[in-house]
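Scope of the values below: all heavy atoms of this structure, side chains included, with no hydrogens, waters or symmetry mates.
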Amino acid sequence: MGTLGFSPHLRVERVPGEAVYLVSERGVTALHGRTVETLAPLLDGSRDLERILAEAAVRTGAAGVTEAADAAGAMDVTGATGTAGTTGVTGVTGVVDSAVRTAAAQVERVIARLCEAGLVCERGRHPRPEDAYWGLAGVTTAPAMAPLALPRRPCAAALRAAAVTPVALGCTGRDEAVQALRAAGIRALDEDGSCQIDKRQHGDAHLTLVVCDDYLDQRLSALDAEHRAAGRRWLPVKPVGTTAWIGPFLGGPDDPCWSCLADRLWRRRQAEAHVQRRLGRQGPVPLPPASLAASRAAALQLAALEAAGWLAGHRHPGQRALCTLDTLTSALEHHAVSRRPQCPACGDPRLVATRIRTPMPPPAAARPEQFAEIPARRIMETYGHLISPVTGLVSEIRRDPRGPAFLNCFHARHPSYANVHAANATDAPGARSGPGAPPGLDVIRAGLHTAAHGKGMTTEQAQASALCEALEHYSGHFQGDEPRLRARYRDLDPEDAVHPDAVQLFDPRQFHDRGTSARHRVCDPFDEGAELDWTPMWSLTAQRHRMLPTALLYYGAPQPPGRRYCRADSNGAAAGGGLADAALRGFLELVERDAVALWWYNRTRQPALDLDACDDPWIAELRRVHGELRREVWALDLTSDLGIPVVAAVSRRHDKPAEDITLGFGAHFDRHTALRHALAELNQMLPPVVEARADGGGYGATADLEALRWFHTATLANQPYLAPSGAVAEGADISGPSPLPRDPLCHIAELVRGLGMELLVLDQTRPDVGLPVAKVLVPGLRPHWARFAPGRLFQAPVALGRLKEPTPYHDLNPVPLFL
């Protein structure tokens, strides 16, 4: 054992008869008692334990020190909190000396307690400033004091024995990295300046510092694979540009790999990936060097400090994050980097396909607690790490500034997810693998302003809603690891495959007028002889797998060149607390949109819900807020033959010619909950029109011409089906919530089976996200978009008694629903 002393970052001040004070930039710690007063001058780093015990005995005038046998065990050392200059003192209930003689072993226990608290360590008489630095970081050498088992602490001695191999892969010279490492007290290997990656050198180094111009430099892929194979860490740093990047530490068995990181980074550089593909090049676009000597030095010094802390054994969560340094503002931010369990480089790329092919349990096996509402705070705590402008699947979540805060309308900005696998770490832009064409410039341009929207009764609910919708979008995009069977429909068994026309429901006449609306664009007529990819869905009604075109289930899935037979959409896609809950929510969305289509395109008048009879403070406040905006609100009962309550909420401006009519919809087993959902969606639709002026200006910036045309021209007079029928809906109790059916999935499966339909569920949960997402289809139910094939759209309103005869095709509502 070496010499012992107080940790070198502490200034020891003795006030006789009062306490021994340990002062540092973190605050002040007070140690009380005669034993500590006796030991304090001996803990100066010049004595070993044996000498300290002997001198302590002499100074007390006895063979031991005057300490009660149990006092040492009761000593409580509490570190003070605070900053440099703190004048407050945190007292410590310590050892109170007595006149009782004690053995040297008891003093040893007192010293052990000080070591355990990080106040005493092995050190020399004249510690260096770097020793004090590591003392502040808690990186000190704890003595081996048998028979006591002290907690294992990071050790600064490990740093002195370690070494780093600097590797330069960009415009920054290796010598600059070596200088930064030396300033941090780290020995740099490969002093000859070679940039070659030598396995023999890695055997001597504990860490590799890789200096690059771009984290997407493809040379990092091979470097990462080599380090992971050897189980050695490496630390990337990008010192160029106005924003420098440092970390995370990579290469360990539990770390994300470079491919995991690159997958996230490419998602924000889709336009750049498009340029590289068009030019037949791989990797990122090489940019002109942009840096100052000072900015490079700042980044490299920070990277060297991170390396030093790691080698010394200091661990903190930021080491698993990408740290950005804004050299213009000196702002530091950490961006989480997570391992992708399905990563082809470090994970199992079969995870998604295996889960989708696994049969779902019977509906009755779903327990009621699986459908409980998850608190919004828990959602943000669980998935909030996926929000980041650098590494996140969501760039940011921001409140819409238009209108009162009560609207609780939030937008989650996220990069375009379409065909991201074409430009990810393993499929370089110039040499992508896998089927399907890469996205064109129009898709890239559209993706630059992609956002998901959240709604709720509270701020937390709306933020969580926006996050879940963005992650639901991500989960529904094709990534290439989905199970697929290449086949022609005519070659598949009709019992195994579902014809896409049964889901898309276009009338043959619609193929002659394709339309220009992105929401209502008509696909090519399906060719039963075309080779397509097919993916299995689980039928809850038939308890077997059924095949559907992959392009109907996933955004951006490949189709034959120049053809678009299927179009994936959000209808029936939902996130939930579990797969069963997500499937239920997806089904309720199908019910909602089917009911909306029956009402909207047939333009039937529906009964109203009596909002005056609803004793709900939030609903009352909503009506008051809309009233202050010179708007009136009402709600219609759209419940169809499925029997599940569906509500349409309508709001219109009443003080100017353009009524700026907005709509919101909701479906739930409980009518009160359905009404709340509809009203929350109504709030979500309000910001674009909340500042509209009587002269026709003031509308929120939007590229959606259909919505603008509606706001400018639609009135209650020319769209009379928006007004209540004059009757109050029968049995429409909206007084309060009611419980779910006992077995919700079993209930809806029987409901669908009773209508002669099939309930299909696809598990779209992504392993790197973890949020359960389901895509639900019921062939025959109508989406709320303009899909006019014969069937339910024409027959159900007659069966429900809303119409005496089906609406002729040419008399359907010519205004496509713009939501």
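Listed for the R544 side chain is a donor-acceptor partner under 3.5 Å among the backbone atoms of E495. No donor-acceptor pair closer than 3.5 Å links the side chain of E681 to the backbone N or O of L663. Judged purely by atom type and a 3.5 angstrom limit, R268 uses its side chain to pair as donor or acceptor with the backbone of G392. In this structure, Q764 contributes its side chain and A774 its backbone to no donor-acceptor pair below 3.5 Å. For T550 (side chain) and A557 (main-chain N/O), no donor-acceptor pair under 3.5 Å exists by modelled atom type. A donor-acceptor contact shorter than 3.5 Å links the side chain of D594 to the backbone of R782.
Note: I356 CD1 to L762 CG = 5.0 Å, rounded to the nearest 0.5 Å.
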Verdict with reasoning, Y474 to D768, per side chain to side chain donor-acceptor pair (under 3.5 Å): CA-CA 11 Å; Y474 166 77; D768 54 332; 2.6 Å; yes
Check step by step if salt bridge (charged side-chain N to carboxylate O under 4.0 Å, His left out) holds for E482 and R766. CA-CA 10 Å; E482 301 81 2; R766 295 294 179 179; 2.7 Å; yes
Before you tell me yes or no, could you show the steps for R340 and D348 under salt bridge (charged side-chain N to carboxylate O under 4.0 Å, His left out), namely the whole-Å CA-CA distance, both residues' side-chain angles and the distance that decides it to 0.1 Å? CA-CA 9 Å; R340 300 179 69 241; D348 183 358; over 6 Å; no
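Using a cutoff of 4.0 Å between basic side-chain nitrogens and carboxylate oxygens, D493 and R546 are not scored as salt-bridged.
Using the six-membered ring where Trp is involved, H477 and Y555 have ring planes that are tilted, between 30° and 60° apart. Between W600 and W710, the ring planes lie tilted relative to each other; the angle falls in the 30° to 60° range.
Residue R350 qualifies as open at atom CZ: its count of foreign heavy atoms under 6.0 Å is 12 or below.
The salt bridge (charged side-chain N to carboxylate O under 4.0 Å, His left out) test with R585 is passed by exactly one of E373, E472, E592: E373.
Annotation: side-chain hydrogen bond (donor to acceptor under 3.5 Å, both in side chains) contacts of S640 (sequence neighbours excluded): none. Residues meeting the side-chain hydrogen bond (donor to acceptor under 3.5 Å, both in side chains) test with H499, sequence neighbours left out: E528. In this view, P741 and F669, H747 satisfy the side-chain contact (heavy atoms from CB on, under 4.5 Å) rule, not counting sequence neighbours.
Considering all non-hydrogen atoms of both residues, Q543 and M360 come closest at OE1-O, 4.1 Å.
In summary, the side chains of T604 and N602 do not present any donor paired with an acceptor at a separation below 3.5 Å, with no hydrogens or angles considered.
Aromatic pair F794/F788: ring centres not closer than 6.0 Å.
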